[in-house]
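One structure is given below, encoded as structure tokens.
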Amino acid sequence: AIQQVKAHQARLWLRCGKLKAAATWAKECGLRVSDTVMHNHQFEYLTLARVLIHQHHADKALALLDQLQQAATESGRGSDLIEILALKALAYQDQGDLAQALAELAQALCRAEREGYIRTFLDEGAPMADLLNRIVAWGVTLAYVKELLVIFAYAAQKEQVMRQREV
């Protein structure tokens, strides 16, 4: 339980741009890309993958995400698969492989649209918004993608207002 709380803290650090604190968590959490991932620790491993992507270690993140994807597919955990595919899209984007990033994102979106997933994409911030804009330019014009982009724009506007109030 303590590991999961610390992983939540690491995700918050990532969202706040505190990459050094998140990197320290990744170094001290005891998780390794080479581990055999157990489902009950998936949250922590997904957090590790996020940190690796932010550190521009996409190759390591992809190795971990491939293992998580295989386990999620084998056990029929579709909601987990959506998050994993979205993270793989970000990792491929970080590597500069836009075609593969968009292919992974397209799979995630197709699965997510049925359930109306929003947070899975919104929580990934500007890099995901960039990918969503690119997928529209790529020819995927789902109303769902456009809805996500409207939500991203609203969230960015709200965040800007909050920052102005802090000053």
Side-chain angles (χ1 to χ4, degrees), residues 7-23 26 33 42-43 45-70 72-73 77-167:
H8 275 285
Q9 179 65 59
R11 285 192 188 191
L12 287 173
W13 285 326
L14 286 175
R15 286 191 194 128
C16 295
K18 296 180 179 183
L19 301 181
K20 196 172 189 176
V33 172
Q42 179 173 297
F43 184 87
Y45 282 101
L46 287 170
T47 303
L48 177 60
R50 283 177 170 86
V51 173
L52 291 169
I53 292 166
H54 282 276
Q55 292 177 316
H56 305 292
H57 296 300
D59 54 336
K60 291 178 182 177
L62 286 166
L64 180 56
L65 291 166
D66 284 342
Q67 186 185 158
L68 289 165
Q69 182 178 6
Q70 182 177 353
T73 300
R77 296 187 325 266
S79 61
D80 292 343
L81 199 51
I82 294 166
E83 182 179 5
I84 293 163
L85 290 166
L87 290 175
K88 286 181 75 173
L90 293 172
Y92 281 115
Q93 179 184 37
D94 186 65
Q95 284 185 330
D97 189 346
L98 186 57
Q100 190 61 43
L102 294 176
E104 298 289 343
L105 182 57
Q107 285 185 59
L109 290 167
C110 286
R111 292 173 175 274
E113 182 179 21
R114 288 179 239 137
E115 304 294 326
Y117 281 70
I118 294 172
R119 292 242 56 110
T120 302
F121 302 100
L122 187 64
D123 287 349
E124 301 309 326
M128 181 57 72
D130 179 55
L131 266 182
L132 288 168
N133 278 307
R134 289 173 183 257
I135 207 161
V136 168
W138 199 44
V140 176
T141 56
L142 295 173
Y144 175 59
V145 174
K146 291 179 181 179
E147 178 186 345
L148 287 171
L149 287 169
V150 167
I151 293 167
F152 264 103
Y154 174 76
Q157 184 180 33
K158 189 174 178 182
E159 186 175 317
Q160 186 177 14
V161 168
M162 294 301 287
R163 284 186 184 160
Q164 288 174 349
R165 288 184 182 167
E166 291 175 359
V167 176

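Keep in mind that what you see is a predicted model, and the values were worked out from it rather than measured.
In this structure, the side chains of Pro127 and Gln93 come closer than 4.5 Å at one or more pairs of heavy atoms.
Shown here are the side-chain contact (heavy atoms from CB on, under 4.5 Å) partners of Gln69, two or more places apart in sequence or in another chain: Asp66, Thr73, Leu81, Ile84, Leu85, Lys88. Applying the salt bridge (charged side-chain N to carboxylate O under 4.0 Å, His left out) criterion to Arg119, with sequence neighbours excluded, gives Asp123. A search for side-chain hydrogen bond (donor to acceptor under 3.5 Å, both in side chains) contacts involving Gln95 returns nothing, not counting sequence neighbours. By the side-chain hydrogen bond (donor to acceptor under 3.5 Å, both in side chains) test, Arg111 pairs with no residue at all, sequence neighbours left out. Residues meeting the side-chain contact (heavy atoms from CB on, under 4.5 Å) test with Glu113, sequence neighbours left out: Leu142, Tyr144. Applying the side-chain contact (heavy atoms from CB on, under 4.5 Å) criterion to His57, with sequence neighbours excluded, gives Leu52, Gln55, Asp59, Lys60. In terms of the side-chain hydrogen bond (donor to acceptor under 3.5 Å, both in side chains) criterion, residue partners of Arg77 (sequence neighbours excluded) are, by chain and number, His39, Gln42, Ser75, Asp80. Looking at residues two or more places apart in sequence or on another chain, you find a side-chain hydrogen bond (donor to acceptor under 3.5 Å, both in side chains) between Asp94 and His56. Partners of Leu19 under the side-chain contact (heavy atoms from CB on, under 4.5 Å) rule, at least two apart in sequence or in another chain, are Leu14, His54. Partners of His8 under the ring-ring contact (aromatic ring centres under 6.0 Å, His included) rule, at least two apart in sequence or in another chain, are Phe43.
Contacts classified as salt bridge (Lys or Arg N to Asp or Glu O under 4.0 Å) and involving residues 45-57 (residues at least two apart or in different chains) are given here: Arg50-Glu83, Arg50-Glu124. Residue pairs satisfying the side-chain hydrogen bond (donor to acceptor under 3.5 Å, both in side chains) criterion with at least one member in residues 99-110, sequence neighbours excluded, are listed as follows: Gln100-Glu104.
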From CA spacing to verdict: side-chain contact (heavy atoms from CB on, under 4.5 Å), Phe121, Leu105: CA-CA 10 Å; Phe121 302 100; Leu105 182 57; 3.9 Å; yes

Leu98 and Leu102: CA distance, side-chain angles, deciding distance, side-chain contact (heavy atoms from CB on, under 4.5 Å) verdict: CA-CA 6 Å; Leu98 186 57; Leu102 294 176; 4.0 Å; yes

Ile82 vs Leu109, side-chain contact (heavy atoms from CB on, under 4.5 Å): CA-CA, chis, key distance, verdict: CA-CA 8 Å; Ile82 294 166; Leu109 290 167; over 6 Å; no

Evaluation steps, side-chain contact (heavy atoms from CB on, under 4.5 Å), between Tyr45 and Gln67: CA-CA 10 Å; Tyr45 282 101; Gln67 186 185 158; over 6 Å; no

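When all heavy atoms of Ala7 and Thr47 are compared, the pair lying nearest together is O-CG2, 3.5 Å. Pairing each heavy atom of Ala26 with each of Leu48, the nearest pair is CB-CD1, 3.8 Å.
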